[in-house]
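Indexing begins at 1, ligand by ligand and atom by atom, following the structure's order.
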Amino acid sequence: MRTQVGIVGAGPAGLMLSHLLHLAGIDSIVIETRSRQYCEARVRAGLIEQWVINLLNATGVGARMRKEALFHDGIKLSFNDELHHIDFRKLVRRGVAIYGQQEIVKDLNARRLADGGPLLFEAEAVTIEDIEGTQPKIHFRHRGASQMIACDFVAGCDGFHGISRPSIGKVLTGFDREYPFGWLGILANAKPVDDELIYAYHERGFALFSVRSDHVVRYYLQCAPDEDAGKWSDDRIWSELGARLPEKARKRLKTGKITEKGVTAMRSFVCEPMQHGRLFLAGDSAHIVPPTGAKGMNLAFADVCVLSQALTQYYKSKRETLLKSYSATCLRRIWQGQRFSWWMTQMLHRFSSANDFDMRRQLAELDYVANSEAASKALAENYSGLPMDRFLTELRKAAPKRPAIRPWRIRHSLK
Ligand code: FAD
Ligand code: DHB
């Protein structure tokens with residue numbers, strides 16, 4: 001097999017890259033170790049930034065999101081037994097949407113397959129070779145046969161545990177931090193406790209109250225990084241969630257059948273540079289953030305927007321300036337995402353090493369964020385997503401020539 005861009009991994013980064021390249025007339029093949037069913041059922045991120053809402057719309061994969069997503073104008077911070085509203089719309093004239101990562105993956109899979117793919121699921125023993133030459137290769141086994149794809153470029157979109165980053169490990173520098181806690185996440189059939197997400201600071205530990213629909217909630221509890229989810233009965237989970245809410249909100253907490261439970265450890269990680277030879281890393285394969293700032297998938301989409309633009313420049317004009325600056329361009333945004341995710345995490349979690357001074361400092365910081373316009377604006381600006389205007393403007397300019405791109409309309413821009 002031969003293609004222009006070989007993409008390893010069919011998560012949000014790999015699928016969106018393949019879709020953007022298709023819109024630009026560039027061929028790609030996506031290779032994924034898991035089955036399509038598994039990828040479409042994997043429950044992870046939920047929150048997308050304003051510019052990602054716009055991206056899905058602008059590239060013709062936003063139809064179901066427009067109908068099914070929940071559009072929010074802000075979040076609530078909970079501390080000292082009270083809820084405090086941070087109004088993004090008023091502060092920065094942007095919003096966010098709750099639309100499950102697996103729904104985006106379903107929409108992108110359907111679109112890529114309708115456009116001819118190819119997406120190769122259930123590949124085994126994937127390796128990348130010859131990235132320092134002009135024709136890198138991806139080797140793997142598929143349906144019992146050995147396969148090889150010769151490419152111009154390889155995009156490593158295979159997540160934190162993939163093979164792309166280790167295959168160039170010797171030339172990379174990693175920067176990381178582990179946190180002494182994890183999140184126990186549940187999905188449950190219950191009515192949401194609030195019409196916005198609640199980020200709750202509590203002496204018993206952090207809790208996040210998110211949602212998937214009018215009757216499905218996604219809640220998280222701070223726990224030990226190696227916590228055994230099996231030790232948490234449904235009753236214990238509901239009672240702990242209630243205990244970490246202010247009294248008024250606790251009364252509105254509805255319980256229901258818990259359909260999924262899992263523990264995620266927390267870490268911050270960045271590798272630099274994000275490219276070696278003709279292998280470009282994108283998304284979680286190059287960086288991980290603690291989920292408190294809801295940045296992981298949003299950063300993955302930002303990387304592949306930059307990469308698709310660089311590859312488009314290369315194929316149109318054989319110029320490599322954007323490919324050469326890929327890593328530096330992405331890292332600037334990634335470090336902003338890292339800084340914000342770390343800041344939200346340290347402000348909202350209980351650290352076992354913290355003393356009374358540290359806790360009073362956290363409460364003072366929350367008080368400042370909730371009550372100073374300057375501070376709440378900084379949170380709103382980062383949470384709803386730093387601008388990606390240049391990329392989107394260029395996509396819009398290109399739209400009339402490409403019928404696959406839908407008109408530029410989002411529900412909230414009409415407000
Ligand atoms: P992945 O989603 O990890 O996809 C990588 C793909 O590569 C997978 O399909 C994997 O099976 C495949 N793969 C692995 N190895 C190989 C191989 N050797 N060969 C081929 N394929 C391979 N982000 C947000 O933006 N907003 C949120 O609200 C948010 N909440 C989160 C909550 C939790 C609890 C967690 C855990 C994460 C959250 N995130 C959030 C982060 C988000 O889920 C990730 O950042 C996102 O999945 C990254 O996408 P990706 O495509 O880079 O990697
Ligand atoms: C969700 C996850 C997050 O980490 C976050 O900060 C916001 C929402 C979610 O899964 O809904």
I need the nearest protein heavy-atom contact for atom 21 (N) of ligand 1: residue, atom name and distance, please. T33 N, 3.4 Å
S285, portion touching ligand 1 at heavy-atom distance under 4.0 Å: neither
Do the two ring centres, one from W51 and one from F301, sit under 6.0 Å apart? no
Among all protein heavy atoms, pick out the one at the shortest distance from atom 26 (N) of ligand 1; state its residue, atom name and that distance to 0.1 Å. L47 O, 3.2 Å
Do NZ/NE/NH1/NH2 and the carboxylate oxygens of D234 and K261 come within less than 4.0 Å? yes
Compute the shortest N/O to N/O distance between Y220 and ligand 1 and return yes if it is under 3.5 Å, no if not. no
Scan the protein's non-hydrogen atoms and note whether one is under 4.0 Å from atom 32 (C) of ligand 1. yes
Side chain or backbone, does G14 bring an N or O within less than 3.5 Å of an N or O on ligand 1? no
N-O pairing of R333 and E49 below 4.0 Å: yes
How far is atom 45 (O) of ligand 1 from its nearest protein heavy atom, and which residue and atom name does that atom have? D284 OD1, 2.8 Å
closest protein heavy atom to atom 51 (O) of ligand 1 is A13 N, 2.9 Å
What orientation do F351 and F181 show, parallel under 30°, tilted 30 to 60°, or perpendicular over 60°? perpendicular
heavy-atom search around atom 24 (C) of ligand 1 in the protein gives M297 N, 3.2 Å
Considering only heavy atoms of G159, which atoms of ligand 1 have at least one such atom less than 4.0 Å away? 3 (O), 5 (C), 53 (O)
As an exercise, identify every atom of ligand 1 less than 4.0 angstrom from a heavy atom of R34. 11 (O)
Consider ligand 1: state whether an atom of it lies below 4.0 angstrom from any non-hydrogen atom of G46. yes
Polar contacts were defined as any N/O atom of the residue lying under 3.5 Å from an N/O atom of the ligand; does this apply to V8 and ligand 1? no
Of R44, K295, M16, the one whose closest heavy atom lies nearest atom 1 (P) of ligand 1 is R44
Any protein heavy atom lying closer than 4.0 Å to atom 37 (C) of ligand 1? no
T264 versus ligand 1: do any nitrogen or oxygen atoms come within less than 3.5 Å of each other? no
Pick, from G185, A300, G162, G283, the option with the minimum heavy-atom distance to atom 15 (N) of ligand 1. G162
Close approach of F140 to ligand 1, heavy atoms, under 4.0 angstrom: no
What residue and heavy atom of the protein are closest to atom 14 (C) of ligand 1, and at what distance? D158 O, 3.2 Å
Shortest protein heavy-atom distance from atom 39 (N) of ligand 1, along with the residue and atom involved: A45 CB, 3.6 Å
At a non-hydrogen distance cut-off of under 4.0 Å, which region of V126 contacts ligand 1 (side chain, backbone, both, or neither)? side chain
Do the numbers put R267 on top of the ring of F269, so that NZ or CZ is under 6.0 Å from the six-membered ring centre and no more than 45° off the axis? no
If we only count N/O pairs under 3.5 Å, is R42 in contact with ligand 1? yes
My understanding is that we take every heavy atom of each candidate and find the minimum distance to atom 11 (O) of ligand 1. Doing that for E32, Q101, E122, which one comes out nearest? E32
Among protein heavy atoms, which lies nearest atom 18 (N) of ligand 1, and at what distance? I163 CG1, 3.4 Å
Sorted by chain and residue number, the residues having a heavy atom closer than 4.0 Å to an atom of ligand 2 are R44, G46, W183, L197, Y199, L208, S210, R212, R218, Y220, P291, T292, A294
